[in-house]
Structures are given as C-alpha cells and as structure tokens.
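As structure tokens, the structure follows; a few thoughts come after it.
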Amino acid sequence: MKTIIEPFKIKSVEPIKFTTREERKAILKKAGYNPFMIHGDDVLIDLLTDSGTSAMSSRQWAGIMDGDESYAGSKSYFRFEAAVKKITGHEFIIPTHQGRAAEKIIFSITGGEGKFYPNNTHFDTTRANIEFTGAEAFDLLNEIGKHPEIKADFKGNMDVEALEKFIKERGKENIPFVMITVTNNSGGGQPVSMQNIKDVKSVCKKYDLPLFLDACRFAENAYFIKIREKGYENKSVLEICQEMFSYSDGATMSAKKDALVNIGGFLSLNNEEIATKCRNLLIVTEGFPTYGGLAGRDLEAVAQGLEEVVEESYLQYRIRSTAYLGEKLVANGIPIIEPPGGHAIYIDAKRFLPDVPAHQYPGQAIACDLYLEGGIRACEIGSVMFGRIDKLTSDFIPAMMELVRLAIPRRVYTQSHIDYVAEVCIESFKNRSKMKGMEITYEAPMLRHFTAQFKPL
Ligand code: F0G
C-alpha cells in the first residue's frame with residue numbers, strides 16, 4: 001500500500017513564528033505556566049485544540065462570499081438546515097454560535113435541580129452547563145475505557161448495565177434525556193460502536209427516555225465504525241452517520257470540529273414542544289432562529305463543511321495521520337491512550353511522570369515542558385480540568401485519568417510538522433526525570449483550567 005497523502009493541495013499559507021528556548025521560558029512564566037494564557041503567535045505548533053482551528057476549503061471560502069446576510073429567512077440558513085437534516089434526520093434544526101450555546105439552551109429548558117443526565121463522559125462545558133442549572137451530570141463509561149494501556153476498538157462505549165441501574169435508582173421522571181458523546185473527547189477521543197448506540201437506545205426505549213448525541217466528532221466516529229465494526233465495511237460514511245443519528249432524538253453539535261469551520265454549532269431535535277421552547281430562548285440569547293448567533297456566511301461554511309467531512313479520502317487521511325503520531329510516540333516508549341483516537345493523541349501523564357502525584361498536576365508539567373522544548377502547545381486533561389476538593393472532607397479528589405492532549409487541527413499541519421511534534425515529545429520524555437510538579441496559585445470557581453495560574457514546585 002502506498003503512503004496515505006493529504007487529499008488536498010495548499011492554496012494559502014500562514015507563517016508560524018520561531019522562538020528561542022530563553023524566550024519561551026519567559027513566555028511560560030508570564031503565562032502563569034498555563035498554555036491557555038500564551039499568545040497564539042508565540043506558539044510554533046498549536047495542538048491546544050482541534051476546535052475552530054480547521055483549514056477551510058476553497059469551496060467553503062467561496063461560500064463565505066456567497067453567504068446571504070438576510071436577518072430572517074436567509075438562503076444560507078436553508079442550505080445549512082438541509083445539510084444538517086441530511087446527516088441527522090432530525091426535524092428541528094437550531095443554529096447556535098458554538099456547541100456550548102446549544103448545550104446552554106437545551107439544559108436551560110430541560111434541566112434544573114433534581115434532574116440527572118447520564119453520558120459516556122460529559123465534556124467539561126456540557127457538565128458545566130448541566131450543573132449551572134442545578135442538575136447533575138454522570139459519566140457511565142464502560143470499564144475498558146478507563147484503562148489507557150488496554151487496546152480495544154470502542155473504548156468510548158457507555159456501560160449499558162450501569163445506565164439501566166442508574167435509571168432505576170434515580171427514577172426515569174428525573175432524567176430529561178440520556179447522552180452519548182461521539183467520539184468520547186474526555187476519554188481519549190475514543191469511538192462508540194453502533195452496537196453500543198443501539199443497546200443504549202433500547203434501554204432508553206424501555207424507560208421511554210430520549211437519547212441525544214453530543215455529535216462534535218460524528219464523522220470521525222462513523223469512520224471508526226466503518227473500519228472496525230463488522231457489517232459496516234461496505235457502507236458509506238454518510239450511511240453510517242445517518243444510522244447513528246437514526247437512534248437519537250436530538251443532538252448538540254459544535255461545528256468547530258467535524259463541520260470543518262472556525263465558528264458555529266447547532267441543536268437538532270425531533271420534539272416540537274421542546275424545539276419551540278428552545279427557539280424562544282435562542283431569540284433571547286443567540287438571535288433569530290434562521291441565524292442563531294452566526295452570520296449567513298458562517299452557515300454556508302458549515303453546510304459545505306458537513307458535505308466535505310464525510311468524504312472517505314478525507315477521513316482516511318485524518319484518522320491515519322493521528323495514528324501516525326501515536327505510533328511514533330509508542331515506538332519511543334511514550335505512554336499514550338491506545339489505540340490512538342480520532343482527533344488527538346493523549347499522553348498518559350501518570351505513566352510518563354509516575355513520581356508526580358495527581359495533586360501536583362503531572363499533565364500540566366508535561367504540557368509546559370512541550371512548550372519549553374519545542375514551542376508546542378498542548379492541553380492538560382486531568383486533575384487541573386476535573387480534579388476537585390470534596391466540600392465535606394476538604395480532600396483532593398483527582399480526575400479519573402491524568403492526560404495531556406495533543407489535539408490535531410483538521411487539514412492544517414503536514415507530515416513534517418507532525419514528525420517535529422514527535423521529536424519534541426521524545427526529547428521531553430528523555431528529560432522527564434528533571435520535571436517537577438505544579439502548584440495552583442489562582443483558580444476561578446468554574447472551568448478553572450482556562451485561567452488558572454501555576455508555580456513549578
Ligand atoms: N462537546 C464536546 C465533546 C466537545 O469536545 C466540545 C468542545 C463541546 C461539546 C463544546 O463545543 O467549544 O463549540 O462550545 N471541545 C473543545 C475541545 C473546546 O478543545 O475539545 P464548543
């Protein structure tokens with residue numbers, strides 16, 4: 001088999017800035033050792049997130065020029081609505097400016113004190129939006145998904161037995177809906193199988209509960225189903241996406257991921273009564289229902305992106321280039337979540353720095369070192385993001401896993417960029433005995449990882 005190449009050529013380029021190690025040392029200190037606080041142009045290769053960082057295609061840029069900016073009834077909205085319906089099959093399509101705006105709306109309408117939302121693993125904004133209403137968010141990930149070193153095809157699957165037990169314990173009347181996140185971002189970008197979606201659906205049906213997908217990375221999930229799940233090898237990715245959504249009653253979507261755009265999102269659902277309430281709230285918080293916080297041009301770009309993201313040559317390159325980085329790290333002994341997920345490589349900081357305990361944030365230490373070593377910006381997904389202090393005992397409760405995410409922007413970096421990333425990670429791993437843990441010197445009450453300040457110990 002020949003090399004799987006980028007299925008595009010480059011029409012427009014953006015320079016990246018090189019800095020010296022001395023400069024990066026000062027930049028890190030000024031940023032309070034929080035990569036979120038580093039100026040983007042001081043970063044050489046930015047793997048902070050795959051969200052909103054895609055390179056758009058020439059057709060998407062053409063759509064930007066072609067966008068219809070009518071306040072109401074824009075033709076771009078109708079193209080967007082048709083593109084979303086083609087994939088989701090859902091009846092009511094509500095545009096939002098990004099994923100968390102869709103979350104804010106659906107949880108404001110359905111949430112509140114005494115309500116519970118199970119998911120395979122809630123993403124941080126999803127959890128925050130649920131908790132903001134007074135409701136509670138629960139992660140019911142399958143056991144295998146909690147073990148970074150175990151290789152399995154569908155480590156994003158929900159624990160179906162745990163779900164049924166959860167519904168019985170909490171009472172179905174207190175559960176507005178069940179959610180599945182595809183792929184499971186917080187658990188390593190691991191896919192969910194079609195069988196698992198079907199099994200969750202049948203539990204939902206039994207208790208008359210709706211099922212929602214957090215669909216940010218639906219196309220990457222569908223491609224994993226195609227290459228890993230029996231019976232799907234000859235189906236098109238679009239058909240697989242349509243089947244995934246056919247078991248759902250609604251979805252929240254950040255178009256900043258698998259719609260290949262820099263801004264956008266949507267809420268889609270089948271229940272007319274709830275959709276009407278959501279649209280009314282949308283008008284207060286986002287905008288009129290045919291633009292929802294976006295410009296007409298943004299809606300065009302999303303519609304075009306949704307067509308491009310299900311192309312198999314794109315997904316083959318996408319999934320393969322993530323695995324390529326993962327394989328290089330594994331070959332050099334670097335512990336990662338295996339097998340590599342769709343949008344990112346997750347370094348297992350517990351095994352990378354076994355002597356740094358969770359309350360000294362090993363993932364944060366590694367993320368800082370990658371910047372210092374090579375100007376690479378990565379993101380801690382561990383106890384900085386999910387650790388908490390027990391309100392009653394004041395004990396530190398660590399996150400389930402200590403990870404550093406190298407998220408790969410879509411269609412942005414070439415193979416030599418990725419080779420460089422691997423070299424920097426390998427260098428950092430060689431020097432790991434010199435790395436120290438971190439202490440938090442400032443934190444916000446919610447979503448602290450974005451703005452926290454640190455001090456190396
Ligand atoms: N759900 C999942 C699974 C996500 O990964 C994200 C965003 C959201 C919801 C919220 O979407 O950012 O458009 O408001 N994840 C980004 C990340 C931020 O870096 O993983 P948003």
Side-chain angles (χ1 to χ4, degrees), residues 34-36 40 43 46-54 94-108 117 119-132 137 139 141 145 155-156 158 179-192 212-221 244 248 250-268 285-286 292-294 298 301-302 305-306 322 337 341-346 363 367 377-382 384-386 403-410 412 446-451:
N34 184 345
F36 280 101
V43 175
D46 205 344
L47 307 183
L48 187 67
T49 180
D50 63 319
S51 181
T53 52
S54 299
I94 300 174
T96 59
H97 79 273
Q98 62 183 82
R100 70 196 71 181
E103 293 165 2
K104 170 82 182 151
I105 288 171
I106 190 67
F107 295 126
S108 299
Y117 294 91
N119 199 331
N120 47 354
T121 314
H122 288 282
F123 183 65
D124 57 355
T125 60
T126 321
R127 173 175 289 277
N129 271 304
I130 289 171
E131 291 173 354
F132 193 73
D139 296 337
L141 185 64
K155 291 174 77 175
M158 189 179 232
M179 272 187 115
I180 301 180
T181 303
V182 290
T183 57
N184 182 23
N185 184 11
S186 310
Q190 297 293 321
V192 177
F212 272 58
L213 295 185
D214 177 339
C216 299
R217 300 175 180 87
F218 70 93
E220 291 172 6
N221 198 88
M244 280 164 51
S248 73
T252 55
M253 171 78 184
S254 168
K256 297 170 74 172
K257 284 87 171 170
D258 268 355
L260 300 169
V261 292
N262 308 119
I263 194 72
F266 59 80
L267 171 64
S268 62
T285 59
E286 289 278 294
L294 293 169
D298 299 325
V302 172
L306 287 173
T322 306
I337 293 192
H343 67 294
I345 293 300
Y346 292 69
R377 176 153 69 170
C379 176
E380 193 262 14
I381 300 196
V384 174
M385 199 180 264
F386 296 117
L403 305 171
V404 179
R405 186 180 72 171
L406 306 170
I408 306 183
R410 295 170 179 78
V412 171
M446 277 183 116
L447 298 175
R448 67 176 179 181
H449 55 282
F450 289 123
T451 54

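Computed from heavy atoms alone, side chains included, the values below leave out hydrogens, waters and symmetry copies. Order of appearance sets the numbers: ligands from 1, and atoms from 1 within every ligand.
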Is the shortest distance from a Lys or Arg side-chain nitrogen in D50 or R410 to a carboxylate oxygen in the other one below 4.0 Å?
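Looking at D50 and R410, the cut-off is met.
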Check for a donor-acceptor pair, side chain of R217 on one end and backbone N or O of D258 on the other, with a separation under 3.5 Å.
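Flag not set: sc R217 to bb D258 has no pair under 3.5 Å.
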For F107, which of F212, F132, Y117 qualifies under ring pair (Phe, Tyr, Trp, His ring centres under 6.0 Å)?
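The ring pair (Phe, Tyr, Trp, His ring centres under 6.0 Å) with F107 is passed solely by Y117 among F212, F132, Y117.
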Check side chain to side chain contact (heavy atoms under 4.5 Å, CB included) between A102 and all other residues, then give those that pass, not counting sequence neighbours.
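Only T96, T252, L267 meet the side chain to side chain contact (heavy atoms under 4.5 Å, CB included) criterion with A102.
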Of T121, N119, T126, which meets side-chain contact (heavy atoms from CB on, under 4.5 Å) against F123?
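The option that passes is T126.
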Heavy atoms under 4.0 Å from ligand 1: which residues qualify?
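Residues T49, S51, Q98, G99, R100, E103, F123, T125, T181, N185, D214, C216, R217, S254, K256, K257, R405 each place a heavy atom under 4.0 Å from ligand 1, listed by chain and number.
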Return yes if a side-chain donor-acceptor contact under 3.5 Å exists between N185 and R405, otherwise no.
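Yes, a side-chain donor-acceptor pair sits under 3.5 Å.
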